[in-house]
Structure formats: structure tokens, C-alpha cells
Amino acid sequence: MKIGTIDIGTNSMRLLTAQYKDDKIIDRKKYVNTTRIGQGVDSNGYISKEAIDRNIQALKEFKGICDEYKCDYICCMGTSALRDSKNSKEFVELAKKEANVDVEIITGDRESNLGFLGVLEGLESENSEEILVIDIGGGSTEFIVGDKDGVAFCKSENVGALRLTEKFFENEIVSDEELKATIDFINQTIQGTIDIVKSRNVKKLVGIGGTVTSVSAINQKLEVYSMEKVHNSKICKKELDEILQMLKNMTLEDKKRLKGLQPKRADIITAGVVILDIIMEKLEINEIIVSEYDNLEGLMCQIAKKMS
């Protein structure tokens with residue numbers, strides 16, 4: 001069966017098309033469009049007219065790709081920005097009318113569960129130990145602890161790469177004051193969750209989402225993004241610290257030219273890396289495994305199992 005899953009995130013809209021056959025996802029193709037539905041939502045509570053138009057247009061294009069691939073099912077989820085905005089209902093109605101796509105706005109818990117399900121699908125080892133999956137998005141960061149039997153703990157925190165960039169970074173080159181204010185805010189916001197995770201003594205950390213995959217691509221200096229090279233790659237804390245030092249002293253134009261980084265992510269990457277850096281530091285975990293399997297694959301598995 002052919003399935004298309006769409007994730008309308010705060011920073012970007014993503015599509016996965018694939019076949020689900022013999023309990024496996026094959027012929028995976030991913031598409032990304034930086035549509036910024038969450039631009040300004042944190043400060044004024046509404047999705048702007050421009051952001052709605054951009055996202056409806058992208059949704060139409062993704063629906064076209066699904067139709068061309070002859071998908072049997074198309075499933076679309078909306079996450080942090082659509083959860084937070086006061087006019088998300090208007091967007092959902094327009095999506096149905098203009099693109100003929102049903103958008104389901106999912107809770108932070110469901111998003112976490114789908115992300116975890118996707119990670120398990122793509123993990124190489126069948127180890128039974130608990131792992132922590134972190135999903136750094138544009139509007140929020142999901143923390144999910146679990147093992148092959150399912151999720152034991154999950155929490156969605158309102159720290160995301162776009163949200164923090166809008167809130168704290170006024171200058172292209174991040175000042176020490178801006179960085180300190182950002183770090184203080186992240187520390188205060190996530191401390192309770194960090195304490196719970198630490199109490200479970202988790203040793204293995206897996207990262208999903210655009211920040212983590214971008215850091216892997218920067219670390220590998222990839223001229224062209226490769227899902228294969230990024231998936232199951234590892235980043236150690238020392239490499240992350242070096243990338244953060246480099247990014248905070250770069251202009252936007254320099255970042256746009258950086259090998260491995262999509263130019264449209266250049267303005268928010270520094271905030272995303274700060275979030276990741278603090279999480280690793282607080283948990284005293286020195287290495288993160290990068291997964292290219294995430295909530296899109298998780299949603300696909302869920303649909304396929306329901307339909308079979």
C-alpha cells in the first residue's frame with residue numbers, strides 16, 4: 001500500500017511518500033518546504049494571512065505529489081504552531097476546501113509518540129534498553145523516553161528554534177547577552193523534564209527534526225543532503241560545541257553558504273543548536289545518534305497497521 005504523510009510544523013512542512021509492505025517502509029522519499037506557519041504566532045497568537053497562503057500553496061503541491069505517486073492514503077498532522085494559534089480552525093477549513101486535505105491538529109503527547117514510533121522503525125539495534133528521543137522543532141521540543149515496548153514518559157516543552165530566534169536573537173551575530181538570556185530561558189523551561197529523564201538513568205540519546213539532521217550534515221560537510229549519510233550518524237558534544245561557536249559568530253550570509261545547511265534554515269539554526277547543546281550538557285550525555293526516521297514514519301506505521 002502507498003501512503004503519504006504530511007507534517008505541518010512551525011518552521012517547515014514535510015512530506016513522506018512510501019510503500020508499506022511486509023511490515024516495512026520501502027521506497028521512502030521526503031520533501032521539505034520552509035513554510036514558517038509559526039512566524040509571529042508566539043508574539044501575537046495568530047497565524048498571519050501570508051503564512052496561511054504560503055502553507056495552503058505548499059499543501060496543494062504536496063497533495064499533487066501524493067496523487068502522482070498514487071497514494072492509497074494521505075494523512076496530515078499539524079503540530080506546535082497550529083496547537084498554539086487562535087485561528088488554526090480557519091487554516092484547517094481552508095486546507096480542506098483549497099487542497100482537499102484533512103489536517104488533524106495533534107497533541108504534544110501524540111506527536112511524541114509518533115516520533116518515537118518512527119525512531120524505533122529506523123533503529124539498527126534491537127536493544128531493549130530505554131532510549132531518550134528528542135525532537136527539536138520550530139516551536140517546541142519533544143522529550144520521549146521508552147523502549148521497544150512503548151513510551152514510558154513524554155513531555156513537550158515550548159522551546160523551539162523559530163520560537164527562540166524570534167524571542168531572543170535580534171542580531172545576525174548573536175551577542176553574549178542574547179545567548180545568556182536564551183540559555184537561562186531554556187534552563188528554566190526544561191529543568192523539570194531534565195530531572196525526570198535523569199532519574200531514569202537513560203544513556204542513549206537519539207535526535208530527530210531539522211536542527212539535529214542539519215547539525216549532522218554540517219558536521220559531515222555534506223555538499224548535497226543525503227538521508228543515508230545522515231541517518232544513524234553520530235555527533236559528539238565536542239563537535240556540537242565547535243559548531244555552536246562557529247555559528248554564533250557568523251553573519252546570515254555566511255550561514256547560508258555553510259556546507260550541509262539549507263539556506264532557509266540559516267536564520268534559526270543557532271537557536272536550535274543552543275537547545276541541543278544544553279540538553280546534552282544537562283543530561284551529561286556525550287553523544288547523540290541522528291535519526292532520519294521520525295513522526296512521518298511513525299504516522300505511516302500507524303496508518304498501515306490500522307488498515308491492514
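Quick caveat, the model's predicted, so the values are computed rather than measured.
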Query raised in the report: Ion pair present between Lys203 and Glu129, side-chain N to carboxylate O less than 4.0 angstrom?
Result: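 Salt bridge flag = no for Glu129 with Lys203.
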Less than 4.5 Å apart, side chain to side chain, heavy atoms only: is that true for [X] and [Y]?
X	Y	result
Ile106	Asn295	no
Thr141	Ile190	no
Lys282	Asn187	yes
Val274	Leu164	no
Ile131	Val119	yes

When rounded to the nearest 0.5 angstrom, what distance separates [atom1] in [X] from [atom2] in [Y]?
X	Y	atom1	atom2	answer
Glu142	Ile136	CD	CD1	10.5 Å
Lys234	Asn286	NZ	CG	12.0 Å
Asp72	Lys70	CG	NZ	11.0 Å
Leu283	Ile194	CG	CD1	4.0 Å
Met246	Ile218	CE	CD1	6.0 Å
Met300	Thr17	CE	OG1	7.0 Å

Result block: side-chain N/O donor-acceptor pairs under 3.5 angstrom for residues 108-117, not counting sequence neighbours:
unit_1, atom_1, unit_2, atom_2, d
Arg110, NH1, Glu104, OE1, 3.3
Arg110, NH1, Glu104, OE2, 3.2
Arg110, NH2, Gln302, OE1, 2.8
Glu111, OE1, Arg83, NH1, 3.1
Glu111, OE1, Arg83, NH2, 2.9
Ser112, OG, Gly108, O, 2.9
Asn113, ND2, Asp109, O, 2.8

Report task. Give the C-alpha distance, both sets of side-chain angles, the deciding distance and a yes or no for side chain to side chain contact (heavy atoms under 4.5 Å, CB included) between Glu98 and Gln57. Result -> CA-CA 9 Å; Glu98 302 270 325; Gln57 188 51 45; over 6 Å; no
Listed by chain and number, what are the salt bridge (Lys or Arg N to Asp or Glu O under 4.0 Å) partners of [X], not counting sequence neighbours?
X	result
Lys29	Asp27
Glu170	none
Lys237	Asp241, Asp277, Glu281
Asp294	Arg14, Lys30

[X] side chain to [Y] backbone, donor-acceptor under 3.5 Å:
X	Y	answer
Asn219	Val215	no
Glu166	Gln39	no
Asp22	Lys24	no
Glu121	Cys301	no
Arg28	Ala18	no
Ser214	Leu261	no

Does anything in [range] pair up under salt bridge (charged side-chain N to carboxylate O under 4.0 Å, His left out), and if so which pairs, sequence neighbours excluded?
range	answer
residues 212-228	Glu223-Lys259
residues 40-53	Asp42-Arg163, Lys49-Asp53
residues 182-191	Lys180-Asp184

Requested in this report: For Thr10 and Asp84, run side chain to side chain contact (heavy atoms under 4.5 Å, CB included): C-alpha distance rounded to whole Å, both residues' side-chain angles, the deciding distance at 0.1 Å, then the answer.
Outcome: CA-CA 10 Å; Thr10 303; Asp84 292 347; over 6 Å; no
Query - Steps toward side chain to side chain contact (heavy atoms under 4.5 Å, CB included) verdict (Phe143, Ile196) - result: CA-CA 10 Å; Phe143 292 78; Ile196 293 167; over 6 Å; no
Closest heavy-atom contact between [X] and [Y]?
X	Y	result
Ala99	Lys63	O-CG, 3.6 Å
Leu299	Cys75	CD2-CB, 3.9 Å
Met1	Ala304	CE-O, 4.1 Å
Glu178	Phe168	CG-O, 3.4 Å
Thr211	Ala161	OG1-CB, 4.1 Å
Lys229	Gln220	O-NE2, 3.1 Å

Would you say [X] and [Y] are hydrophobically clustered, going by side-chain heavy atoms of ILVMFWY under 4.5 Å?
X	Y	result
Val133	Leu123	yes
Leu244	Ile173	no
Tyr20	Leu120	no
Ile134	Ile235	yes
Val145	Ile279	yes

Query raised in the report: What's the verdict on side chain to side chain contact (heavy atoms under 4.5 Å, CB included) for Ile3 and Cys71, showing C-alpha distance, side-chain angles and the deciding distance?
Result: CA-CA 5 Å; Ile3 301 171; Cys71 286; 5.8 Å; no
**Report entry** Lys89 NZ: over 12 foreign heavy atoms closer than 6.0 Å
**Finding:**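 It does not: Lys89 NZ has 12 such atoms or fewer within range.
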Query raised in the report: What do you reckon, is NZ of Lys60 surrounded by more than 12 foreign heavy atoms closer than 6.0 Å?
Result: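 Yes - once you tally the heavy atoms of other residues, nucleotides and ligands closer than 6.0 Å, there are more than 12.
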Query raised in the report: In the hydrophobic cluster built from side-chain contacts under 4.5 Å, what are the other members alongside Leu252?
Result: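 Once heavy-atom contacts under 4.5 Å are chained together, Leu252 still belongs with nothing else.
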Query raised in the report: Residues sharing Ile56's hydrophobic cluster, by side-chain heavy-atom contacts under 4.5 Å among ILVMFWY, directly or via others?
Result: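 So far as hydrophobic clustering goes, Ile56 is joined with Ile6, Ile8, Met13, Leu15, Tyr31, Ile37, Val41, Ile47, Ile52, Leu59, Phe62, Ile65, Ile74, Leu82, Phe91, Val92, Leu94, Val101, Val103, Ile105.
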Query - For Thr189, side chain to side chain contact (heavy atoms under 4.5 Å, CB included) partners two or more places apart - result: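 In terms of side chain to side chain contact (heavy atoms under 4.5 Å, CB included), with neighbours along the sequence ignored, Thr189 is linked to Glu157, Val159, Phe185.
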Could you tabulate the donor-acceptor pairs under 3.5 Å formed by side-chain atoms of residues 264-271, not counting sequence neighbours?
unit_1, atom_1, unit_2, atom_2, d
Asp267, OD1, Arg36, NH2, 2.8
Asp267, OD2, Arg36, NH1, 2.8
Thr270, OG1, Lys255, NZ, 3.2

Query raised in the report: side chain to side chain contact (heavy atoms under 4.5 Å, CB included) with Thr213: which of Val230, Ile208, Val32?
Result: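 Testing each of Val230, Ile208, Val32 against Thr213, the sole residue satisfying side chain to side chain contact (heavy atoms under 4.5 Å, CB included) is Val230.
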